[in-house]
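Structure, as structure tokens:
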Amino acid sequence: MKSPLLTLPGAVPAESVDEGVAAHYGDLFREQRALADGTGFVDLSHRGVVTVTGDDRLAWLHLLLTQHVSDLPAGQATEALILSANGHIEHALYLVDDGETVWAHVEPGTQEALIAYLESMKFFYKVEVENRTADIAVVHLPAGSIAEVPQGVAVRETPYGRDLFLPRADLEAYAGQAGPPAGILAYEALRVEQHRPRLGFETDHRTIPHELGWIGSAVHLQKGCYRGQETVARVQNLGKPPRRLVFLHLDGSEVHLPVAGTELRLAGDGPDGRKIGFITTSVRHHELGPVALALVKRNVAVDAPLVAGDTAAAQEVVVEP
């Protein structure tokens, strides 16, 4: 869905999966600094919004999600995954229960497949699943923001800021009072700095939660009874994941960033060395310069210098080998 905030001065539309909102409003680094300082907001109205209501909503979701939500207190934010039977990540949900309704936002365009799966698992449970993307917009306020939250709006309070489930009809009016807008590129730069994975960016068809550090934050190890749980338990108790997420500091003298999918090699092996990983997200950060998230083979030494295409890269451990 195309955001009305694309008419704001300086707005440059984002592309690909983030199409529909602004990539930036004319000054990427200024927007990053504003978010880091706790001012402004990010229009995430392109994200899917799904609600679950009914007396059984938490008990039912507890059976389907990787997170422990059966006793989730009202107002407490959490995140959860839905896995395939083989333990591969299929959906990521960022949710909160307001005492009557579970609100979740998901990656753009994934809500219909998610709802289809949830509907297929309703059985005799007293729940109703609804796609609210058409009438609810997600707005992000950074950590430290003192912007007012409209009364009656569901809010996810996290260490990284607040996600508001705002009526889409109120989006333009709220933007006028919430401070300077920041584009999705500024939001992504801070996400990379915070080492937070994103479905469809850090994941592919065979990604398991351990590889991205989603154990704990999105996967509860003391619960079972969800699809893919056997793989999670086996890797946790008996082995190690085949890949691990790393944070990369990239050579700042290069004009172009290595794009997602750029192959990683050991610097000492030269341009013909074997592939040991790939870039998942690369950004220009207002303080750190060019940085990226990447997946590498688990046995790559944590201090090994790497190259991403022709760009030198130094690792910072996110997931322990």
Side-chain angles (χ1 to χ4, degrees), residues 47-48 50 52 56-97 102-107 110-111 113-115 117-118 120-121 127 129 156-161 163 191-192 194-247 277 280-281 293-298 317-321:
R47 291 184 66 81
V50 177
V52 182
D56 296 337
R57 65 189 184 281
L58 291 176
W60 176 66
L61 286 171
H62 185 77
L63 299 175
L64 305 177
L65 305 180
T66 56
Q67 187 58 274
H68 196 298
V69 297
S70 60
D71 301 313
L72 184 67
Q76 180 174 308
T78 191
E79 55 189 74
L81 309 175
I82 290 178
L83 308 180
S84 72
N86 294 321
H88 300 137
I89 299 169
E90 292 189 345
H91 293 282
L93 296 81
Y94 300 84
L95 53 89
V96 67
D97 183 81
V102 172
W103 297 81
H105 65 80
V106 298
E107 286 298 325
T110 66
Q111 62 270 20
L114 170 63
I115 289 171
Y117 172 70
L118 295 177
S120 74
M121 302 299 290
V127 293
V129 181
R156 292 186 69 252
E157 184 87 36
T158 77
Y160 310 107
D163 297 335
R191 177 182 72 82
V192 170
Q194 294 155 356
H195 306 165
R196 293 189 289 139
R198 183 177 174 187
L199 183 77
F201 287 63
E202 279 61 58
T203 67
D204 56 23
H205 67 284
R206 60 192 181 97
T207 306
I208 61 175
H210 302 74
E211 295 177 319
L212 303 183
W214 253 328
I215 301 299
S217 63
V219 179
H220 196 288
L221 292 174
Q222 273 64 59
K223 73 174 291 273
C225 302
Y226 61 87
R227 191 173 65 177
Q229 186 266 341
E230 294 84 357
T231 297
V232 170
R234 184 168 60 251
V235 174
Q236 183 69 24
N237 297 323
L238 301 176
K240 294 283 188 178
R243 304 177 296 183
R244 59 183 178 87
L245 186 68
V246 296
F247 179 75
T280 59
T281 306
L293 293 176
L295 279 174
V296 301
K297 294 181 182 295
R298 179 176 56 84
V317 175
V318 176
V319 174
E320 294 289 342

> Which pairs pass side chain to side chain donor-acceptor pair (under 3.5 Å) with one or both residues in residues 84-97, sequence neighbours excluded?
Replying inline: R57-D97, E90-R227
>> Can you list everything that forms a side chain to side chain contact (heavy atoms under 4.5 Å, CB included) with V246? Sequence neighbours excluded, please.
In response: R244, L248, A294, V296, Q315
> Does the side chain of E202 come within less than 4.5 Å of E211's, by heavy atoms?
Replying inline: no
> A59: what forms a side chain to side chain contact (heavy atoms under 4.5 Å, CB included) with it, not counting sequence neighbours?
Replying inline: none
>> The criterion is side chain to side chain contact (heavy atoms under 4.5 Å, CB included); which residues satisfy it with Q194, sequence neighbours excluded?
In response: Y160, L190, R196
> Under the salt bridge (charged side-chain N to carboxylate O under 4.0 Å, His left out) criterion, do R47 and D163 qualify, and how do the steps go?
Replying inline: CA-CA 11 Å; R47 291 184 66 81; D163 297 335; over 6 Å; no
>> Measuring only between side-chain heavy atoms, which start at C-beta, is W214 closer than 4.5 Å to T66?
In response: no
>> Checking the side chain of R298 only, and the main-chain atoms of P321 only, is there a donor and an acceptor separated by less than 3.5 Å?
In response: no
> Which pair of heavy atoms, one from L93 and one from A104, lies closest together, and at what distance?
Replying inline: CD2-CB, 4.3 Å
> Are L83 and I89 side-chain neighbours, meaning at least one heavy-atom pair lies under 4.5 Å?
Replying inline: yes
>> Minimum heavy-atom separation for L293 and L245, please, with both atom names.
In response: CB-CD1, 4.2 Å
>> To the nearest 0.5 Å, what is the distance between CD on E79 and CD on Q67?
In response: 8.0 Å
> Do you know which two heavy atoms are closest between V129 and L118, and how far apart they sit?
Replying inline: CG1-CD1, 4.0 Å
Identify each donor-acceptor pair in which a side-chain atom of residues 215-223 lies under 3.5 Å from a protein atom, sequence neighbours left out, and give them as a table.
from: H220; atom 1: ND1; to: Q222; atom 2: N; distance (Å): 3.1
from: K223; atom 1: NZ; to: H62; atom 2: O; distance (Å): 2.7
from: K223; atom 1: NZ; to: L65; atom 2: O; distance (Å): 2.6

>> When you compare the side chain of R198 with that of E107, does any pair of heavy atoms fall below 4.5 Å?
In response: yes
>> I need the minimum non-hydrogen distance between V52 and W60, along with the two atoms involved.
In response: CG1-CZ3, 3.9 Å
> Listed by chain and number, what are the salt bridge (Lys or Arg N to Asp or Glu O under 4.0 Å) partners of D56, not counting sequence neighbours?
Replying inline: none
>> L95 vs T78, test: side-chain contact (heavy atoms from CB on, under 4.5 Å). Steps then yes/no.
In response: CA-CA 6 Å; L95 53 89; T78 191; 3.1 Å; yes
>> For a quick test of reading the model, state the closest non-hydrogen atom pair linking I208 to P241 and the distance between them.
In response: CD1-CB, 4.1 Å
> Does T281 reach the side chain of R191, with side-chain heavy atoms less than 4.5 Å apart?
Replying inline: yes
> For the residue pair V232 and P209, what are the closest heavy atoms and their distance?
Replying inline: CG2-CG, 4.4 Å
>> Please report the interatomic distance CG(D204) to CG(L199), rounded to the nearest 0.5 Å.
In response: 10.5 Å
